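Before any comments, here is the structure.
Computation of the quantities below employed the complete heavy-atom set of this structure, encompassing side-chain atoms and omitting hydrogens, waters and symmetry-equivalent molecules. Keep in mind that this is a model prediction, so the values were computed, not measured. Every chain is numbered from 1, with letters handed out A, B, ... down the list of sequences.
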Number of protein chains: 2
Amino acid sequence: MSRPSHVRDAVAERLLDPSRHGWTIEELQRDLHQAKIPADYSSVFRSLVLLERRGVAQRVELGDGKARYEASGEHHEHVRCERCGDVSVVPDCIVEEAADEIERSTGFRLQAHRLVLLGLCPDCLALP
Amino acid sequence: MSRPSHVRDAVAERLLDPSRHGWTIEELQRDLHQAKIPADYSSVFRSLVLLERRGVAQRVELGDGKARYEASGEHHEHVRCERCGDVSVVPDCIVEEAADEIERSTGFRLQAHRLVLLGLCPDCLALP
DNA sequence: ATCCGTGCAAAATATTTGCACGATC
DNA sequence: GATCGTGCAAATATTTTGCACGGAT
């Protein structure tokens with residue numbers, strides 16, 4: 001039923017790469033371009049929408065006004081470098097533990113959370 | 001040196017109100033309008049920029065694509081209701097404690113963080 | 001023949017800036 | 001008279017949608 005979709009395939013392939021997280025649409029497009037897979041911004045966008053509906057990708061908000069995507073899977077938090085924009089992962093969820101106490105103090109029923117840590121990455125720390 | 005600025009004053013007054021957090025520009029404008037203080041969107045925006053530069057206001061990202069502002073001051077986290085958009089405050093910072101461990105495991109030097117908790121507020125929980 | 005993937009361009013959403021006018025200093 | 005606050009409209013930045021074409025089924 002499915003026809004070849006080189007754009008979508010290439011997008012999925014990049015999302016699955018565990019060494020990068022929080023791709024913006026533009027970053028994906030640029031990376032595709034460098035791999036000789038020219039694709040329209042809207043095609044990348046639609047690929048992401050579809051991959052998200054299929055449960056392959058998930059959209060994450062990293063608080064910089066850009067839509068970012070990564071492979072859906074284990075929950076984790078992100079650290080974003082405020083200098084170069086690089087995104088890394090914090091494997092442990094430090095929010096879970098506090099959830100009960102927060103629900104009690106606020107009256108909210110918690111469903112999800114987004115934690116973005118901001119700082120300087122090791123590379124940028126080494127610079128002046 | 002400063003001339004009367006009813007828009008900016010009214011904006012600041014609302015930000016300082018401790019019963020509301022995370023105002024969007026549009027919410028502020030609507031609230032001003034109801035208080036018979038018609039103001040242009042851009043005037044509210046510029047008031048916020050100025051108030052932020054003065055250290056009175058701070059911009060917070062609550063992950064819904066809108067710029068949100070509140071009085072600068074004590075650090076705290078936010079809970080946003082996914083149904084009605086209402087924003088409340090979580091006084092305690094649950095991130096501080098984990099910061100050291102995160103810096104060690106990621107190599108980042110942490111400078112700030114944004115935690116947005118998502119769920120249902122007490123009012124919406126009471127609805128069907 | 002139909003359906004789906006793609007590119008191109010326009011719409012939609014939200015923020016930011018340019019310009020002119022009038023009020024305040 | 002110069003400066004600052006404001007409204008109006010245009011410029012940006014990004015995401016989202018409409019449309020048409022062409023290839024795969």
Side-chain angles (χ1 to χ4, degrees), chain A residues 1-15 22-54 56-70 80 82 85 87 114 116, chain B residues 1-15 22-70 78 80 82 85 87 114 116:
Chain A
M1 60 174 278
S2 72
R3 284 213 301 257
S5 168
H6 59 285
V7 173
R8 190 158 65 229
D9 293 347
V11 168
E13 185 185 336
R14 275 150 189 79
L15 291 185
W23 291 87
T24 65
I25 300 173
E26 199 185 342
E27 284 169 353
L28 281 166
Q29 188 189 15
R30 200 178 322 138
D31 202 272
L32 291 193
H33 184 75
Q34 288 177 355
K36 304 281 183 234
I37 309 175
D40 193 71
Y41 185 98
S42 67
S43 298
V44 177
F45 169 74
R46 275 190 264 237
S47 295
L48 289 166
V49 170
L50 193 66
L51 290 171
E52 186 173 30
R53 216 177 320 147
R54 288 187 184 170
V56 177
Q58 65 182 341
R59 185 171 176 160
V60 292
E61 293 283 345
L62 265 56
D64 60 350
K66 311 272 182 68
R68 287 173 179 268
Y69 290 84
E70 64 188 22
R80 174 161 58 83
E82 294 199 285
V87 173
R114 298 189 185 124
V116 183
Chain B
M1 58 175 282
S2 71
R3 285 214 298 259
S5 168
H6 58 285
V7 174
R8 190 159 65 229
D9 293 348
V11 167
E13 187 184 335
R14 275 153 189 79
L15 291 186
W23 292 86
T24 65
I25 299 173
E26 199 184 344
E27 284 169 353
L28 282 166
Q29 187 188 15
R30 201 179 319 137
D31 202 273
L32 291 193
H33 184 76
Q34 288 176 354
K36 305 281 184 234
I37 309 176
D40 192 72
Y41 184 97
S42 67
S43 299
V44 178
F45 169 75
R46 275 191 263 238
S47 295
L48 289 166
V49 170
L50 193 66
L51 289 170
E52 187 174 30
R53 216 176 322 147
R54 287 186 183 172
V56 177
Q58 65 183 341
R59 185 170 175 161
V60 291
E61 293 284 344
L62 265 56
D64 61 349
K66 311 271 182 69
R68 288 174 179 268
Y69 291 83
E70 64 187 21
H78 298 87
R80 174 161 58 84
E82 294 199 284
V87 173
R114 299 191 183 120
V116 183

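Between the side chain of A:Ser42 and the base of C:dC8, a donor-acceptor pair under 3.5 Å is found.
Side chains of A:Leu48 and A:Leu28 form a contact here, defined as non-hydrogen atoms less than 4.5 Å apart. By the 4.5 Å heavy-atom criterion applied to side chains, B:Lys66 and B:Glu61 are not counted as neighbours.
Distances shown here put every side-chain N or O of A:Arg68 at or beyond 4.0 Å from the OP1 or OP2 atom of D:dT14. A close approach under 4.0 Å does not occur between any side-chain nitrogen or oxygen of A:Arg46 and OP1 or OP2 of C:dG5.
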For this session: Go through the steps for A:Glu52 and A:Tyr69 under the test side-chain contact (heavy atoms from CB on, under 4.5 Å), then give the verdict.
Result: CA-CA 9 Å; A:Glu52 186 173 30; A:Tyr69 290 84; 4.0 Å; yes

Problem set entry | Evaluation steps, side-chain contact (heavy atoms from CB on, under 4.5 Å), between A:Glu70 and A:Gln58 | CA-CA 6 Å; A:Glu70 64 188 22; A:Gln58 65 182 341; 3.7 Å; yes

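With rounding to whole Å, B:Asp9 atom CG is found 11 Å from D:dG5 atom C1'. Rounded to whole Å, atom P of C:dC8 lies 11 Å from atom CD of A:Gln29. For B:Leu51 and D:dG5, the CG to P distance is 11 Å, given to the nearest whole Å. Regarding A:Glu27, its CD atom lies at a distance of 16 Å from the C1' atom of D:dA13, rounded to whole Å. The separation between A:Phe45 atom CZ and C:dA10 atom P is 19 Å, rounded to whole Å. Going from atom CG of B:Leu48 over to atom P of D:dG5 covers 14 Å, rounded to whole Å. For the pair A:Asp40 CG and D:dG18 P, the computed distance is 16 Å after rounding to whole Å. Between the CZ atom of B:Arg53 and the C1' atom of D:dC4 there is a distance of 13 Å, rounded to whole Å.
Nearer to the 5' terminus of DNA chain C, by closest-nucleotide assignment, is the contact made by A:Leu50 (compared with the other of B:Tyr69 and A:Leu50). Nearest-nucleotide assignment on DNA chain C puts the 5′-proximal partner with A:Val7, out of B:Arg59 and A:Val7.
In terms of heavy atoms, A:Asp40 sits closest to A:Gln29 at C-NE2, 3.9 Å.
Here the nucleotide nearest the side chain of A:Ser5, chosen from D:dT6, D:dT14, C:dG5, is C:dG5.
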